[in-house]
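Shown next, in structure tokens, is the structure this report addresses.
Lettering of chains follows the sequences in order, A, B, ..., and the numbering in each one begins at 1.
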Protein chains: 2
Amino acid sequence: MKEEFVQKFRELTESARRPAVITHFDPDGDAVGSALGMALYLQKKVKNKVPVLIPNTDPAFLQWLPGHDQVVFYDRDPEACARVIQASDLLILVDFNVRNRLKKMEPCVFASRIPSVLIDHHPDPDLPAILVISDTERSSTAELIYDLIMRCGDAELIDTDIAVNLFTGIMTDTGCFSYNASRPRTFEITAQLLQYPFNKDTVYRNVYDFYSEQRMRLMGYCLHQKMKVIPGCRTAYIALTRKELEDFHHEPGDTEGFVNLPFSIRGTLVTALFTEKDDHVKISFRSRGSFAVNTFASRYFSGGGHFHAAGGEYPLPLDAAVQKFTEMIQQHKDEIRD
Amino acid sequence: MKEEFVQKFRELTESARRPAVITHFDPDGDAVGSALGMALYLQKKVKNKVPVLIPNTDPAFLQWLPGHDQVVFYDRDPEACARVIQASDLLILVDFNVRNRLKKMEPCVFASRIPSVLIDHHPDPDLPAILVISDTERSSTAELIYDLIMRCGDAELIDTDIAVNLFTGIMTDTGCFSYNASRPRTFEITAQLLQYPFNKDTVYRNVYDFYSEQRMRLMGYCLHQKMKVIPGCRTAYIALTRKELEDFHHEPGDTEGFVNLPFSIRGTLVTALFTEKDDHVKISFRSRGSFAVNTFASRYFSGGGHFHAAGGEYPLPLDAAVQKFTEMIQQHKDEIRD
């Protein structure tokens with residue numbers, strides 16, 4: 001984080017009177033934790049409530065976060081969002097890199113021409129912000145915000161509520177320190193956040209032990225009956241029909257993380273999750289080691305993404321998508337190495 | 001850790017010529033990681049190989065640890081273990097608190113009358129050691145060993161191999177930082193260990209992505225078909241017959257962790273895992289919040305353990321054990337609170 005960016009951020013936030021914080025559609029723990037941590041920090045500086053705007057409702061396992069009552073959700077009250085933005089003099093955008101991650105809220109934010117600052121850790125930020133603080137080496141936006149607050153000399157403004165939000169952002173974006181957490185700094189910051197008096201075990205339970213019984217049954221069904229291993233390819237996949245999802249009273253987010261399940265089988269280097277939608281098949285890909293799933297996704301499944309995590313789609317029926325995947329993986333099996 | 005204990009440890013290890021390190025039966029990641037970390041550290045001081053003795057073979061997901069080739073397993077070669085002990089002038093016992101955790105190796109160790117040092121984090125150590133360094137506040141013995149080395153002024157003796165062993169000990173005894181990891185010090189030490197050049201993601205994969213396909217199928221079957229929720233009691237359990245275990249080609253350790261699966265359902269505060277053995281039913285209990293499973297286990301299931309983690313047994317058949325559990329939990333349901 002360049003010193004000039006820190007200085008610019010400090011100037012902007014010190015001259016702002018009515019800042020607002022905004023994060024992305026389908027917000028995850030880092031989006032909500034980072035946004036609330038930033039808002040609670042800024043309101044100590046401006047000595048007024050700092051609103052948080054989110055395009056759509058966040059999952060229930062985040063709604064206990066400190067300050068959550070000051071979030072305005074665009075999908076519930078677009079007029080209120082528009083009023084907040086019009087009344088603002090600085091927008092702090094956190095945890096996203098491109099405009100369309102705001103979905104329907106996008107015009108309302110960018111037509112306003114209110115100056116904005118972006119703080120993010122995704123690659124290739126492309127937004128009309130007057131200041132972009134982006135660091136892809138960071139585990140999470142929350143980690144970056146912690147260091148930004150420290151670099152601004154505002155250590156004493158951090159309190160337990162801010163610490164809980166930032167800790168939750170780091171914890172969720174690293175899968176509880178299981179990935180994106182190889183750098184010492186992530187653990188140093190976590191140690192510093194744990195100095196504040198909150199119960200880490202409660203945070204963990206609120207986030208990770210919050211599933212419905214049906215979601216756990218569906219996960220069991222996937223592991224027991226639906227996970228298929230492709231022989232000789234170090235690849236395994238799960239394909240779910242609409243009927244199966246309905247049988248388990250599927251709710252949005254229930255299949256989150258299922259694409260990673262086959263990695264628990266030793267030696268698995270490529271995984272895929274197929275879900276049957278109304279008019280197409282949605283596919284998530286993951287890999288370890290040498291195999292670039294973004295290239296694979298773009299070549300055969302009209303998709304793209306990161307080297308180790310990508311998405312794509314394919315025409316119905318589901319079986320055809322699975323067959324195409326199986327054939328293409330077999331063609332590329334020599335590229336799948338540790 | 002009292003300064004006098006650190007000094008005593010330093011004196012003992014500096015005057016020793018042929019120390020050996022010993023850990024407990026059914027060794028876990030903290031046992032093996034701590035023992036190897038300590039041995040690799042000591043051999044830099046004595047300038048000779050320092051053997052590690054373990055009562056029985058460790059699981060395959062630990063056998064890649066640096067220095068693992070210098071472990072002697074009592075179950076494979078009891079005479080070699082006896083020779084090592086007889087040739088030693090100091091025994092460093094790590095990660096256990098009572099003699100019988102050595103099982104059949106116990107007489108061989110304690111009849112030797114060779115002076116021993118215990119380093120551990122379990123409650124109520126009860127061993128004939130000339131120095132006991134025990135701290136139940138620590139996440140793991142590995143964490144304690146790291147601080148002991150630092151307090152001895154031996155920071156420069158820590159290398160990547162030692163760091164990998166100690167990191168693995170901390171990671172495994174905290175379930176990858178999901179429990180027993182509320183103290184800042186655990187994260188500070190982890191940050192310091194990550195300064196050494198090793199791949200944390202590879203360590204994670206070696207340990208956690210090392211399951212057989214059948215183990216994952218069995219886990220899915222448990223979640224999908226065998227997990228039962230007891231209405232109104234915030235309690236869920238899994239009961240497995242011998243036939244079911246055989247159908248999934250069950251190997252020792254495969255059901256490790258299954259008792260925790262039902263906690264993922266929000267609101268669950270008590271869990272149990274029943275497994276049918278040849279002549280009895282083995283039961284594991286876990287709880288969150290106010291309910292003491294050790295008291296419950298000792299009162300109804302000839303068992304005991306910790307407040308939140310206990311074990312017990314019951315006569316066959318399996319159904320009778322489950323019924324007893326269901327009845328007793330219903331009697332105690334008012335004690336099950338957050």
After noting the C-alpha distance and the side-chain angles of A/L269 and B/R205, does the key distance pass the side-chain contact (heavy atoms from CB on, under 4.5 Å) rule?
CA-CA 11 Å; A/L269 295 176; B/R205 282 175 55 197; 3.3 Å; yes
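- For chain B, no part of A/R185 is nearby; none of its heavy atoms comes within less than 4.5 Å.
- With a 4.5 Å cut-off on non-hydrogen atoms, B/A236 does not touch chain A at all.
- A 6.0 Å sphere centred on NE2 of B/H122 holds more than 12 heavy atoms belonging to other residues, nucleotides or ligands.
- Residue contact with chain A, scored on non-hydrogen atoms closer than 4.5 Å, is absent for B/F61.
- Annotation: side chain of A/P184 is not in contact with side chain of B/Q192 (no heavy-atom distance under 4.5 Å).
- Proximity of a side-chain donor or acceptor of B/R217 to a complementary backbone N or O of A/L223 within less than 3.5 Å is detected.
- Both the backbone and the side chain of B/F210 have a heavy atom closer than 4.5 Å to some heavy atom of chain A.
- Residues B/F177 and A/F187 place their aromatic rings such that the two centres sit under 6.0 Å apart.
- Note on A/C222, A/C176, A/P262, A/G220: by heavy-atom pairs under 4.5 Å with chain B, the leading option is A/G220.
- The candidate with the highest count of non-hydrogen atom pairs below 4.5 Å against chain A, out of B/S212, B/G267, B/A181, is B/A181.
- With a 4.5 angstrom heavy-atom cutoff, A/M171 does not touch chain B via any of its atoms.
- Proximity of A/V229 to B/E213: side-chain heavy atoms (C-beta onward) are separated by under 4.5 Å at one or more points.
- Using a 4.0 Å cut-off between charged nitrogen and carboxylate oxygen, A/R288 and B/D209 count as a salt-bridge pair.
- Of the candidates A/Q214, A/M216, A/R215, B/I265 forms a side chain to side chain contact (heavy atoms under 4.5 Å, CB included) with just one, namely A/M216.
- Heavy-atom distances place the side chain of A/D338, and not its backbone, under 4.5 Å from chain B.
- With a 4.5 Å cut-off on side-chain heavy atoms, A/Q225 and B/H224 count as touching.
- Annotation for A/H308: atom NE2 counts as buried by contact number, over 12 foreign heavy atoms lying within 6.0 Å.
- Residue A/Q195 holds its CD atom at 6.0 Å from CD of B/E188, rounded to the nearest 0.5 Å.
- Considering OH of A/Y211 and OG of B/S264, their distance stands at 7.0 Å, rounded to 0.5 Å.
- Options A/F198, A/Y208, A/Y179, A/Y221 differ in how many heavy-atom pairs under 4.5 Å they form with chain B, and the most are formed by A/Y221.
- Within 6.0 Å of atom CD in B/E256, 12 or fewer heavy atoms from other residues, nucleotides or ligands are found, so the atom counts as exposed in its surroundings.
- The side-chain heavy atoms of B/S182 and A/D201, taken from C-beta on, include a pair separated by under 4.5 Å.
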